Amino acid sequence: MAASSHRIMLGPLVAAIDQGTSSTRFLVFNSKTAELLSHHQVEIKQSFPKEGWVEEDPKEILQSVYECMERTCEKLTQLNIDISNIKAIGVTNQRETTLVWDKETGEPLYNAIVWLDLRTQSTVERLINKTPGRNKNHLKHKTGLPISTYFSAVKLRWLMDNVAEVHEAVVSHRAMFGTVDSWLIWCLTGGKSGGVHCTDVTNASRTMLFNIHTMDWDPELCKYFGIPMEILPRVRSSSEIYGLMVTKSLHSLKSGALSGIPISGCLGDQSAALVGQMCFQDGQAKNTYGTGCFLLRNTGAKPVMSDHGLLTTVAYKLGRDKPACYALEGSVAIAGAVVRWLQDNLGIIGSSEELEKLAASVGTSYGCYFVPAFSGLYAPYWEPSARGIICGLTQFTNKNHVAFAALEAVCFQTREILDAMNQDSGIPLTQLQVDGGMTSNRLLMQLQADILCIPVVKPSMPETTALGAAMAAGAAEGVSVWSLSPEDLSEVTSEKFEPQINPEESEFRYARWKKAVQKSMNWETTEPVCNGNGSIFSSVPLGFYIMGSMLMLIGARYIIGQCLDNFNSAHQNIPHIVCK
C-alpha cells in the first residue's frame, strides 16, 4: 500500500488479539473486505519446571499483548492508516490454560498452567477410580468432555491444593480464576480498578465446570471438583461488548489511541478458526495445525455426543440473544510442538523451514514411525499413560527419515480424528479445510491429502483464527461494522492439494501407524517423579520389587552364614594334611 501525505481511509477497521500457546499477535482487518492490513507477533516462553509440567508467565503474556499492539499501531501509522478508525477489538486465545490472580493487587498468584500440562494425572486417575465402573466419561452428559488432565477444572484444583498463595486468596475471597481470555479482558478493561471479569461460552465449555445444555456454570460440577463459584468469571456470548479499553493500561502514545475502543468479541482459538473459515453450516469442518491439532465439525443448534472419542463443545454464540451452535472436536496434543521439540531438544533442525527440507530430501520415513505422545494421547484414545516413541528404526535410518516421520505423525493423528468424526456423523467429509501456522509447510499439506485420500483446501489468508475473533467483535450489537450474513461474507481464495498416492499404500502406512500407537500406551500410570526430590520408592510396584529383592539378599546371606558356621563346627577336629 503506497504511503501518502494523507491518511488512507479504508472504512471501519477491526482488530484482534490472538494469544496462542507459542506466540501472541495483534492483527488489524478491513471489516468490508476481510483484508489483513497489518500485524505484529511476539513469541512466548514456555517453562518446564518438572517432567510433564508446562507453564507460562501471565505477566509476560500481558506484556506481549501490549508490545504487539504498539508495534502494529506503528506499522499502521507508517502506512498512513488512521488508527482511530479501529472500531472494535476481538480476543482469541489458547483454551484450557489456567490462571488465578488477586483481584485486589492485580498480581498473578502462580504461573499459567498450560493446557498440555500433565501434573494432574494422578488426580485424574483418582477421580476416574471413584466413578461407577471407572468411567472417564462420567461427566460427559453435562460437559461433553472426558475427565482428563487437558481441561481447566483439575488444573484449578491442583493450584488450590498445592499453592499456598492461591489457597489463601480463595479463603479470603480475593481470588479470581480465568482462562487466558478472562485474564486479558480483565487487565485491558481496568484490572483492579474495575476490570471486567468474564469469559465466553466457548472458553467456559472447556473447563469441565460448564453445563453445555444450560449454558452456565453448573453447581454440581463445581461441587464435584470443590471449586467455589464466586471465583469464576461471568459467562457471556462470543459477540457482545464486554468493556472498553482503558487508557492507563496502554503504555504509549500510539497504542494509547486504542483507549475507549470496545472489546466485543471473544472465542477460544479453535472456535475462532471455525468462524474465520466461515463454517456456519451444519456439517462444515476445519482443521487447525498449531501447537496441537484441532478438527472441529459444526453440528448446529444441538449438541451431538460422540461414541468414538471426540469432544462435544460449544462452537460459538454470536450474540446475547442468538442461539448457541455446537461442534464435535477431535483434539491432538502435539502437532507443531513436535517441530519445536526436534529443534530445541534434539537439535536435528535449526528452524521449522529446515524440517520441510530434510523431509523432502528423502520423501519417505523408510519404515520409521514417530508417535509424539509427549502429553499422553488425546482424541480418540484419551490415554494419559501413553508416551512418545520412535520405532521401526534400522541402521539405514537417519535424521531426514525422522523428520519425515514427524510430519507424517501430524497427518496420521488427523486421520484418526477424521475417521472418528465420519463414524459419529455418518456423512464422510469430501474435503478438509485447513489453517494454522503449519499449513505453510507444503509437504505436510500434500502428505495430509495423501493420508486422508481426500483434497485438502488451504485459504490464501492463513490468519483465520484472528479473523474469526475480528468478525465476532465487528458484528457485535453496538458495533455492527461487520456483517455475518452469508451474502455479505467475502469470497475466500484458496489452494487445493489433491491426493497423489493410491489408497492401498495410504492404508498400509496408516495400519503401521496404528500398530506404533498401541506400543506407545501404558508407559506411565502415576504422576511423574519429581526431579531431585523423589526416589525410586515413589513408584509402589517398583518399591515393593526392590525392597523384596533386598530382603531376599539379606535372607540368603544369613542362611549361607549359618550353613558355613555349622559346616566349620562339624569339621573343626579334622586334622590338616600338609603336602610337601
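Values below: every heavy atom of this structure, side chains too, minus hydrogens, waters and symmetry copies. Not measured: the values here are computed from a predicted model.
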Under a plain distance cut-off of 3.5 Å, with no hydrogens placed, do Thr24 and Gln19 share a side-chain donor-acceptor pair?
yes

Ser239 side chain to Ala472 backbone, donor-acceptor under 3.5 Å
yes

Any chance you could measure Trp482, atom CH2, to Met471, atom CE, to the nearest 0.5 Å?
6.5 Å

Do Lys458 side-chain atoms and Met445 backbone N/O form a donor-acceptor pair below 3.5 Å?
no

Answer whether the closest heavy-atom distance between the side chains of Thr199 and Thr179 falls below 4.5 Å.
yes

Nearest heavy-atom pair of Thr202 and Ala315: which atoms, and what distance?
CG2-O, 3.4 Å

Ser271 side chain reached by Arg206 side chain, heavy atoms, under 4.5 Å
no

Hey, would you say the Trp101 and His197 ring centroids sit under 6.0 Å apart?
yes

Non-hydrogen atoms of Ala327 and Thr299 that approach each other most closely
N-OG1, 3.7 Å

Taking the six-membered ring for Trp, are Trp53 and Tyr110 closer than 6.0 Å centroid to centroid?
no

CD1 on Ile17 to CG on Asp181, rounded to 0.5 Å
11.0 Å

4.5 Å side-chain heavy-atom contact, Glu354 and Ser351:
yes

Salt bridge check: are Arg297 and Glu329 linked by an N-O gap of less than 4.0 Å?
no

Verdict with reasoning, Lys45 to Glu56, per side-chain contact (heavy atoms from CB on, under 4.5 Å):
CA-CA 7 Å; Lys45 295 190 189 81; Glu56 292 179 351; over 6 Å; no

Thr288 vs Asp435, test: side-chain hydrogen bond (donor to acceptor under 3.5 Å, both in side chains). Steps then yes/no.
CA-CA 5 Å; Thr288 300; Asp435 58 77; 2.7 Å; yes

Quick one: does Asp57's side chain get under 4.5 Å of Ser47's, heavy atoms only?
no

Under the criterion ring pair (Phe, Tyr, Trp, His ring centres under 6.0 Å), I'd like the reasoning laid out for Phe225 against Trp158: C-alpha separation, chi angles, the key distance, then a yes or no.
CA-CA 10 Å; Phe225 290 103; Trp158 185 93; over 10 Å; no

Considering only heavy atoms from C-beta outward, does the side chain of Leu295 approach that of Leu432 to under 4.5 Å?
yes

Apply side-chain contact (heavy atoms from CB on, under 4.5 Å) to residues Phe26 and Val65 and explain how you reach the verdict.
CA-CA 7 Å; Phe26 187 71; Val65 171; 5.8 Å; no

Please answer whether the main-chain N or O of His39 pairs with a side-chain N or O of Lys75 as donor and acceptor at a distance below 3.5 Å.
yes

For the OG1 atom of Thr21 and the CD atom of Gln94, what is their distance to the nearest 0.5 Å?
4.5 Å

Do the charged groups of Lys142 and Asp218 touch, with an N to O distance under 4.0 Å?
yes

Given side-chain contact (heavy atoms from CB on, under 4.5 Å), test Leu99 with Phe177 step by step and report yes or no.
CA-CA 6 Å; Leu99 301 90; Phe177 153 77; over 6 Å; no

In sequence, state the C-alpha distance, the side-chain angles, and the governing distance for Lys155 and Glu96, and then conclude on salt bridge (Lys or Arg N to Asp or Glu O under 4.0 Å).
CA-CA 9 Å; Lys155 302 180 196 300; Glu96 300 96 16; over 6 Å; no

More than 12 foreign heavy atoms under 6.0 Å from CD of Glu230: is that the case here?
yes

Within this structure, what is the CG-CZ distance for the pair Leu318 and Arg320, rounded to the nearest 0.5 Å?
14.0 Å

Polar side-chain atom of Trp217 near backbone of Leu232 as donor-acceptor pair, under 3.5 Å
no

Would you check, one step at a time, whether the test side-chain hydrogen bond (donor to acceptor under 3.5 Å, both in side chains) holds for Thr465 with Asp269?
CA-CA 6 Å; Thr465 301; Asp269 51 8; over 6 Å; no

Report yes if the side chains of Ile61 and Leu184 come closer than 4.5 Å at any heavy-atom pair, otherwise no.
yes

Return yes if some donor-acceptor pair links the side-chain N/O of Asp117 with the main-chain N/O of Val54 below 3.5 Å, else return no.
yes

Nearest 0.5 Å please: distance from the CD1 atom of Ile81 over to the CG atom of Leu13.
7.0 Å

Heavy atoms from other residues, nucleotides or ligands near CD of Glu495 exceed 12 (cutoff 6.0 Å):
yes

Shortest non-hydrogen separation from Leu76 to Leu37 and the atoms involved
CD2-CB, 4.4 Å

Is there a donor-acceptor pair under 3.5 Å between the side chain of Arg95 and the backbone N or O of Leu267?
no

Under 3.5 Å side-chain donor-acceptor pair for Asn203 and Asn93:
yes

Would you check, one step at a time, whether the test side-chain hydrogen bond (donor to acceptor under 3.5 Å, both in side chains) holds for Asn111 with Glu55?
CA-CA 6 Å; Asn111 277 343; Glu55 298 178 359; 3.0 Å; yes

With a 4.5 Å heavy-atom cut-off, do Pro459 and Thr464 have their side chains touching?
yes

Spacing of CD belonging to Gln41 relative to CZ belonging to Arg25, to within rounding of 0.5 Å:
5.0 Å

Using the side chain to side chain contact (heavy atoms under 4.5 Å, CB included) rule, pick out the option among Gln284, Lys286, Gln277 that qualifies with Leu296.
Lys286

Flag for Asn85-Asp82: side-chain donor and acceptor within less than 3.5 Å
no

Specify the closest pair of heavy atoms between Trp382 and Ser331, including all atoms of both residues, with the distance to one decimal.
CH2-CB, 4.4 Å

Side chains of Ser38 and Thr72: is there a donor and an acceptor less than 3.5 Å apart?
no

Testing the basics here: between Met229 and Cys222, what is the closest heavy-atom pair and its distance to 0.1 Å?
CG-SG, 3.6 Å

Val235 and Cys198: CA distance, side-chain angles, deciding distance, side-chain contact (heavy atoms from CB on, under 4.5 Å) verdict
CA-CA 6 Å; Val235 181; Cys198 69; over 6 Å; no

Consider only side-chain N and O atoms of Tyr316 and Asn298, and report whether a donor and an acceptor are under 3.5 Å apart.
yes

Over-ring placement of Arg234 relative to Tyr242, 6.0 Å and 45° cut-offs:
no

Please report the shortest heavy-atom distance between Val124 and Ile147, naming the atom on each side.
CG1-O, 3.7 Å

Salt bridge Glu240-Lys322, side-chain N to carboxylate O under 4.0 Å
no

Have a look at Val100 and tell me which of Val163, Ile113, Leu156 forms a side chain to side chain contact (heavy atoms under 4.5 Å, CB included) with it.
Leu156

Is there a donor-acceptor contact under 3.5 Å linking the side chains of Thr92 and Asp18?
no

Would you find a donor on one side and an acceptor on the other, under 3.5 Å apart, between the side chain of Lys317 and the backbone of Met215?
no

Close side-chain approach of Val479 to Pro262, heavy-atom, < 4.5 Å:
yes

Candidates Tyr378, Trp115, Tyr289 - the one meeting ring pair (Phe, Tyr, Trp, His ring centres under 6.0 Å) with Phe294:
Trp115

